[in-house]
Undergrad: 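The structure that follows is given in the form of structure tokens.
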2 protein chains.
Amino acid sequence: MAGVKDVAAHAGVSLGTVSNVLNQPHRVSPATRRKVEEAMVELGFVRNEAARHLRSGRSRTLAYVMLDAANPFFTDVAAGIEETAESGRFSLYMCNSDNRVDREVAYLDHLVEQRVQGILVTPIDPEAAHLAAVAHRGTPVVVVDRTPREQALCSVAVDDVLGGRLAVEHLLDRGHERIAFVGGPESIGQVRDRLVGARGGLDDAGAPPVTVIATEATTVREGRTAGERILGLPRAKRPTAAFCANDLLALGLLQQLVGSGLAVPDDLAIVGYDDIYFAGAAAVPLTSVRQPRHELGRRAAQLVLDEADNPEHSHQQVVLLPELVARTSTLG
Amino acid sequence: MAGVKDVAAHAGVSLGTVSNVLNQPHRVSPATRRKVEEAMVELGFVRNEAARHLRSGRSRTLAYVMLDAANPFFTDVAAGIEETAESGRFSLYMCNSDNRVDREVAYLDHLVEQRVQGILVTPIDPEAAHLAAVAHRGTPVVVVDRTPREQALCSVAVDDVLGGRLAVEHLLDRGHERIAFVGGPESIGQVRDRLVGARGGLDDAGAPPVTVIATEATTVREGRTAGERILGLPRAKRPTAAFCANDLLALGLLQQLVGSGLAVPDDLAIVGYDDIYFAGAAAVPLTSVRQPRHELGRRAAQLVLDEADNPEHSHQQVVLLPELVARTSTLG
DNA sequence: TTGTATGCGTTATCAA
DNA sequence: TTGATAACGCATACAA
């Protein structure tokens, strides 16, 4: 493969001149420049990024290691990151850990060795030691959509407790009293926080406590199962509204209810969480708590860039606010 | 940042020995090895991938430039790629062109300069000159989910004409005669092929031709609009079944019909295309034509690796077969 | 305006 | 088993 040397030989100039054409074009006479450029085309010359990077020390690349590339939520976060990256002329590489710790570690290692400018990561466990190790080994890191409690890392997340509160307050406003929470396992921080918020909202209003319909995962399938369990309750004890820990659960629940002939929201009102695209496109458009996921990505990217080139950077934990989007599944 | 030299000094050995600890550990006495390893930990040593890459010429990285990271279809393809990549101990970087030519070009350039081992790409235009240019500049490329007609590139795609045929044959089997095709614009190769297949299937069966309900894009919103237009038709001329160019259209159509009080499939049967996850999770689970997207990714990754290290590699255009998944939206 | 020389961090070759 | 040295491809400072 042709390098600067070959181009120089082919164009009958020195190696330094070729380099100048590449990096300081204005300092080269138009005639020689043309000669050199022709030679580059002819030989199919491609800059070797590894070599230039070796000289300059840093690359113009950011990376986002995400939990689950198939979840529209994370790809939207990535779009926000990319927006900031692009305006700073950075490229963004996305890596999918797919909820596997070994892959998360492998990608982080690879990226650190690659000396990318900064790493954004939605980790499986925000307290994991290998996260802090990345920063310690010299690459700026920002945790996205999680807030590490004990670590000196930047992070950007959304207030899930508030989100849970917004959801039940909306249901209370609509006149509901018997409210169920569908979600689990509580080992997931997100789920736990949303439930805490829901309980807080009910407490403050003096309303009866939630009935928890525990699920084993936050999937459509589990949402259907939850639906069966709600249908199995005696009519008098059946809740009039359900707040689901995410939209997948809500969609599954909705599907089960509609399939069984119940009306939403008349027989049961539903609130989801995340406001994924398909929430609005469901048979009964879903009320949902929206996270500012675009903003999440933008802010995270800004932080990581600041950490990379501002010597006075100090770590900060940014918390953004969610917002309720009311649709047919609660309004009728 | 500490390099091999610093480690060597710190451990009181030569630079070459450090390198051996890294690459030929068995050739180093346990005692010195320990000394060196301690020094590495102490200094927070991280291999510089750019430098090692500069020596060895190639990296262990594949990249997938995708059309739209928010579309579950492409992330599933990516999962298939990653499966093959992982078993060959490659990392996969995903890049999102987001349907913008300038970004596609920018990413391809960046990746070529980075000397990645191979590039997979679902391009905006499979005939674009810059695709062939990538291969010409020395990086193996495989086109995914598109089949370039005029170019000497490897590709893996799915037979959309057959998919269209499968859809209408299923509807014919279910006794439908007045069938509509919902989709557009026909400038999209995918849309065109599926329509061609649908027409072929009807022709062969001697059934009346499709009514085309043209859309401006393949989105949920356009699906709803198409629904309005179908509802506007006089009852006698209204189709009894609709084949949609993709699942988003089908979901929009479904939403509009159910919202207007029509029954699916009794008043109108619906077939979608892609079998995205939410097709099965819709209020009325959707019959859809499934593409083997996992397989698509796996095969593409195999091809690009073959192109990278098999000197006798010859370009091939692989075409995979779709499959119909029947659900409630046509079965009742 | 153009050419020459040096170094970036690593690996590989060879000699000790 | 270990150490010295050249080379990878490029960019930069400096000399011509």
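In the text below, chain A, chain B and the rest are named by the order of the sequence lines, each starting its count at 1.
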Undergrad: Kindly state each residue pair satisfying salt bridge (charged side-chain N to carboxylate O under 4.0 Å, His left out) with at least one member in residues 136-153 of chain B, sequence neighbours excluded.
TA: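 For residues 136-153 of chain B: B:Asp109-B:Arg137.
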Undergrad: Mind jotting down which residue pairs meet the side-chain hydrogen bond (donor to acceptor under 3.5 Å, both in side chains) criterion with at least one end in residues 295-305 of chain A? Sequence neighbours excluded, please.
TA: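 Listed by first then second residue: A:Glu83-A:Arg298, A:His294-A:Arg298, A:Glu295-A:Arg298.
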Undergrad: Please report, rounded to the nearest Å, how far the P atom of D:dG9 is from the NE2 atom of B:His53.
TA: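 Between P of D:dG9 and NE2 of B:His53: 10 Å.
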Undergrad: Can you list the residues that meet the salt bridge (Lys or Arg N to Asp or Glu O under 4.0 Å) rule with A:Asp306, with sequence neighbours excluded?
TA: none
Undergrad: Do B:Ser97 and B:Leu67 have side chains that get closer than 4.5 Å, going by heavy atoms?
TA: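 They are in contact (side-chain heavy atoms under 4.5 Å apart), so the answer is yes.
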Undergrad: Nucleotide by nucleotide, 5' to 3', does protein get under 4.0 Å of the base (B), only the sugar-phosphate (S), or neither (-) in nucleotides 3-10 of chain C, counting heavy atoms?
TA: BB--BBBB
Undergrad: Between D:dT2 and B:Thr32, is there an OP1 or OP2 to side-chain N/O distance shorter than 4.0 Å?
TA: yes
Undergrad: Which residues satisfy the salt bridge (Lys or Arg N to Asp or Glu O under 4.0 Å) test with B:Glu104, sequence neighbours excluded?
TA: none
Undergrad: Please work out which of the three classes, parallel, tilted or perpendicular, describes the rings of B:His110 and A:Tyr93, given edges at 30° and 60°.
TA: tilted
Undergrad: Determine the contact category for A:Val28: base if any of its heavy atoms lies under 4.0 Å from a base atom, sugar-phosphate if only primed atoms, P, OP1 or OP2 are that close, otherwise nothing.
TA: sugar-phosphate
Undergrad: With a 4.0 Å cut-off, would you call A:Arg100 and A:Asp98 a salt bridge?
TA: no
Undergrad: Near DNA chain D, which residues from residues 33-44 of chain A have a heavy atom under 4.0 Å away?
TA: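 Here the set is empty: none.
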Undergrad: Looking at B:Glu49 and B:Arg52, is any side-chain nitrogen of the basic one under 4.0 Å from a carboxylate oxygen of the acidic one?
TA: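 Salt bridge between B:Arg52 and B:Glu49, a charged N being under 4.0 Å from a carboxylate O: yes.
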